[in-house]
Number of protein chains: 2
Amino acid sequence: MLEKQDEHILVQLQKEGRTTNQQLAEDVGMSTSACWRRVRALEEAGVITGYSALVNREQAGFATSAILHVSLERHDAKFVDEFVSRVTERAEVLECFATTGDADYHLRVVVRDMKAYNAFLDEFMFRLPGIRYVRTNVILKEIKTSVALPF
Amino acid sequence: MLEKQDEHILVQLQKEGRTTNQQLAEDVGMSTSACWRRVRALEEAGVITGYSALVNREQAGFATSAILHVSLERHDAKFVDEFVSRVTERAEVLECFATTGDADYHLRVVVRDMKAYNAFLDEFMFRLPGIRYVRTNVILKEIKTSVALPF
DNA sequence: CTCCTGTTGGTAATTTTTACCAGATATAGC
DNA sequence: GCTATATCTGGTAAAAATTACCAACAGGAG
């Protein structure tokens, strides 16, 4: 179970992933060594899975993104596993969730432009075996994209 | 426009957000000072918007998450702006996108348990003005959650 | 050619990380 | 209540990284 101090550390590191250990220790009210040890423990326990730079999608040249609703014809392990592994290895698919509701899966896909999105559908999605349907919901505007859990 | 070296830096920093500048410089084949200056420039230009620790959702105690399809009754600026600002400030809403398709918005919401999700709906979503419908798609499994743009 | 602009690599002072220590605190058994 | 054990703490110092500054270098424009 996470202690109050751990949560405090996680809140800070989600906000400022490259803050110095000194600053972090000050923020959470600990010595640098105690703080450093806790961070290490959180990393080793797999609570912190990594660190990432957050990059502005548009400035980086990725103008197009969409949310896809996908359903499979059949739900045998064979088809599901194939779908999962193929989708996981495609870098354009940032997120994929198995969900309740009409669609089996929700995917978020990011590409440079519509041409690339079309190619993604034609050359990848539509060729996956056992797909019932793929419905594209083009993202008109990103209202919010956060990676910070709501402690 | 981003140069090849900048992309290389971004790829690395998306993967290892806390890598040392020395390691990064070595990876992209530059001196530490040149590399450091480029990283700084990317940050100041807003290409890198920040850094974040990635935290394991379940280990951190957030067992429940869902994708919501939301539509508004009316699309006057008044209702839209209200919706956008209220949603943006709710920490449980990690993502919100305006999309084409049946629903006006796709939201991803993360909470500790179903009780908290029910409270989120009752006390927040259902009280927003001008909502036509909110459809909950509970996330059964996270197949993939990446934050790295597909350079 | 020569100036100009922007970039590069090297260097060194400053800051940060990180391993180790001894002391404090808490817990369980008796 | 008391002791033994384990776990945590803060401080310290060596090692490592950051970051500002410098002179040198390349590529274009006139």
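Lettering of chains follows the sequences in order, A, B, ..., and the numbering in each one begins at 1.
- Counting only heavy atoms from C-beta on, A:A34 has its side chain closest to D:dT9 among C:dG9, C:dT18, D:dT9.
- In this model, the phosphate group of C:dT16 is not approached by any side-chain N or O of A:R18 to a distance below 4.0 Å at OP1 or OP2.
- Side chain B:S33 to base C:dG10: a donor-acceptor pair is found below 3.5 Å.
- An OP1 or OP2 oxygen of D:dT9 is reached within less than 4.0 angstrom by a side-chain nitrogen or oxygen of A:R38.
- A salt bridge links B:R74 to B:D76: at least one charged side-chain nitrogen sits closer than 4.0 Å to a carboxylate oxygen.
- A:E16 places its CD atom 14 Å from the P atom of C:dT16, with the value rounded to the nearest Å.
- Regarding contacts with the backbone of C:dT17, every side-chain N or O of A:W36 stays at 4.0 angstrom or more from both OP1 and OP2.
- Atom CZ of A:R135 has 12 or fewer heavy atoms from other residues, nucleotides or ligands within 6.0 Å.
- In terms of hydrophobic clustering, with Ile, Leu, Val, Met, Phe, Trp and Tyr side chains grouped at heavy-atom distances under 4.5 Å, B:F97 and A:F120 are assigned to different clusters.
- In this structure, B:D102 places its CG atom where only 12 or fewer heavy-atom neighbours from other residues, nucleotides or ligands lie under 6.0 Å away.
- Checking B:G29 against A:T20, the closest nucleotide of DNA chain C that is more toward the 5' end is the one next to B:G29.
- Between B:Q22 atom CD and C:dT11 atom C1' there is a gap of 13 Å when expressed in whole angstrom units.
- Between the side chain of B:R37 and the base of C:dG6 there is no donor-acceptor pair of N/O atoms closer than 3.5 Å.
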